[in-house]
Protein chains: 2
Amino acid sequence: MNERVETPGNGNVFSENCPTRQVLDRLADKWSMLIMNRLRTEPVRFNQLRRDIEGISQKVLSQTLKKLERDGLIHRQVFASVPITVEYSLTKLGQTLSQTIQALSHWAEHNIETVLAAQKQYDNLAKQREARLG
Amino acid sequence: MNERVETPGNGNVFSENCPTRQVLDRLADKWSMLIMNRLRTEPVRFNQLRRDIEGISQKVLSQTLKKLERDGLIHRQVFASVPITVEYSLTKLGQTLSQTIQALSHWAEHNIETVLAAQKQYDNLAKQREARLG
DNA sequence: CGGGATCCTCAGGGATACTG
DNA sequence: CAGTATCCCTGAGGATCCCG
């Protein structure tokens with residue numbers, strides 16, 4: 001465990017190589033969290049994922065899965081059936097992460113309306129200001 | 001374009017307009033969560049943020065802050081000092097979100113070593129396989 | 001100090017075709 | 001079914017200059 005140096009009362013600084021940055025750099029893309037979230041309850045096969053994660057392309061799905069597997073977050077199991085079958089599931093490590101991702105998902109469900117309302121209000125105010133300036 | 005009809009029922013499907021997707025689309029970039037996290041403990045000024053969030057450009061910081069403000073997650077307060085001072089802080093809504101982001105940050109700190117180890121192992125296995133075929 | 005406006009790049013990611 | 005291989009393009013984001 002390497003203790004991070006945090007300036008006492010002053011909030012932490014986000015140096016390029018702090019753990020949060022490293023993890024966020026891998027998770028903060030369009031799809032990783034969605035995939036993790038989809039795998040949370042059960043193993044899922046490739047094309048099932050492709051169908052469930054609406055809008056993802058086959059290439060990006062493949063890439064992202066490989067990345068997540070490399071990070072030790074998901075497990076890839078091949079069944080020598082005909083035709084071949086591949087199941088993706090969360091590892092123990094991935095399960096712990098999926099907890100916090102699920103929290104984010106819950107936050108989203110509970111607060112999306114508030115966010116959308118805030119956007120509308122912001123846009124209205126912006127429009128008014130615009131009109132005033134001509 | 002391709003209007004997918006969502007199959008009702010089994011499991012949760014991630015349609016393009018589900019709340020999780022909408023929120024993730026706004027948060028899942030390189031900087032939003034880091035900024036939210038930096039603002040968690042105290043209001044911070046523009047250039048202070050720029051210095052603390054290592055590597056972010058002025059333009060992107062500005063863009064991201066505006067986006068977060070539009071979403072009702074952060075508040076922008078201007079002080080008519082000379083020269084001008086601007087403080088960014090979390091709104092109530094932003095505070096609730098920052099909780100779960102902090103959870104992600106904690107996960108990162110606790111598990112980054114495991115992730116890095118998994119990567120090494122994955123790369124080694126890949127290299128071995130490559131050698132066997134080469 | 002806190003940005004806005006421009007220009008430019010480079011990689012994320014879409015579309016399509018092919019394979020074991 | 002579960003991917004790989006290419007081609008291509010858009011847009012996130014960096015660099016730079018400017019301004020109240």
For atom CD of Gln77(A), is the number of surrounding heavy atoms from other residues, nucleotides or ligands below 6.0 Å larger than 12?
yes
Which part of the nucleic acid, if any, lies within contact of Tyr88(B), taking any heavy atom under 4.0 Å across all strands shown: a base, the sugar-phosphate backbone alone, or nothing?
sugar-phosphate
Taking dG13(C), dG20(C), dA5(C) as options, the one with an atom nearest any side-chain atom of Ile84(A) is dG20(C)
Both Val60(B) and Thr85(A) contact DNA chain D. Which one's nearest nucleotide lies toward the 5' end?
Thr85(A)
Would you say Asn37(A) and Gln102(A) are linked by a side-chain donor-acceptor pair, where the criterion is simply a distance under 3.5 Å?
no
Within the structure shown, what part of the strands sits under 4.0 Å from Lys66(A) by heavy-atom distance: base, sugar-phosphate, or nothing?
sugar-phosphate
Please tabulate, for side-chain N and O atoms in residues 62-69 of chain A, each donor-acceptor pair with protein atoms closer than 3.5 Å (sequence neighbours left out).
unit_1   : atom_1 : unit_2   : atom_2 : d
Thr64(A) : OG1    : Val60(A) : O      : 2.7
Lys67(A) : NZ     : Arg26(A) : O      : 3.2
Lys67(A) : NZ     : Asp29(A) : OD2    : 3.0

Check whether Gln22(A) reaches the backbone of Asn17(A) with its side chain - one donor and one acceptor, N or O, closer than 3.5 Å.
yes
When Pro83(A) and Gln58(A) are each assigned the nearest nucleotide of DNA chain C, the 5'-most assignment goes to Gln58(A)
Can you tell me how far P of dC17(D) sits from NZ of Lys59(B), to the nearest Å?
16 Å
Using a 3.5 Å distance criterion without hydrogens, assess whether the side chain of Arg21(A) forms a donor-acceptor pair with backbone atoms of Glu54(B).
yes
Check this one for me: any side-chain N or O of Ser62(B) less than 4.0 Å away from OP1 or OP2 of dG4(C)?
yes
Distance below 4.0 Å between Arg50(A) side-chain N/O and dG3(D) OP1 or OP2
no
So, does Thr91(B) use its side chain to make a donor-acceptor pair with the main chain of Leu73(B) at under 3.5 Å?
yes
Global bending angle along the helix from dC1(C)-dG20(D) to dG20(C)-dC1(D), which compares the axes of five pairs at either end, to 10 degrees
50°
Tell me: CG of Leu65(A) to C1' of dG3(D), nearest whole Å?
11 Å
Nucleotide dG3(D), atom P - distance to CG of Asn47(A) in whole Å
9 Å
Residue-phosphate contact under 4.0 Å: Arg76(A) side-chain N/O, dA2(D) OP1/OP2:
no
Which atoms form the tightest heavy-atom contact between Leu27(B) and Leu97(B), and what is the distance?
CD2-CD2, 3.6 Å
Protein-nucleotide distance (Lys30(B), atom NZ; dA12(D), atom P), rounded to Å
13 Å
Could you state the CD-P distance from Gln63(A) to dA15(C), rounded to the nearest angstrom?
14 Å
Looking at Arg45(A), does any N or O in its side chain come under 4.0 Å of the phosphate oxygens OP1/OP2 on dC1(D)?
no
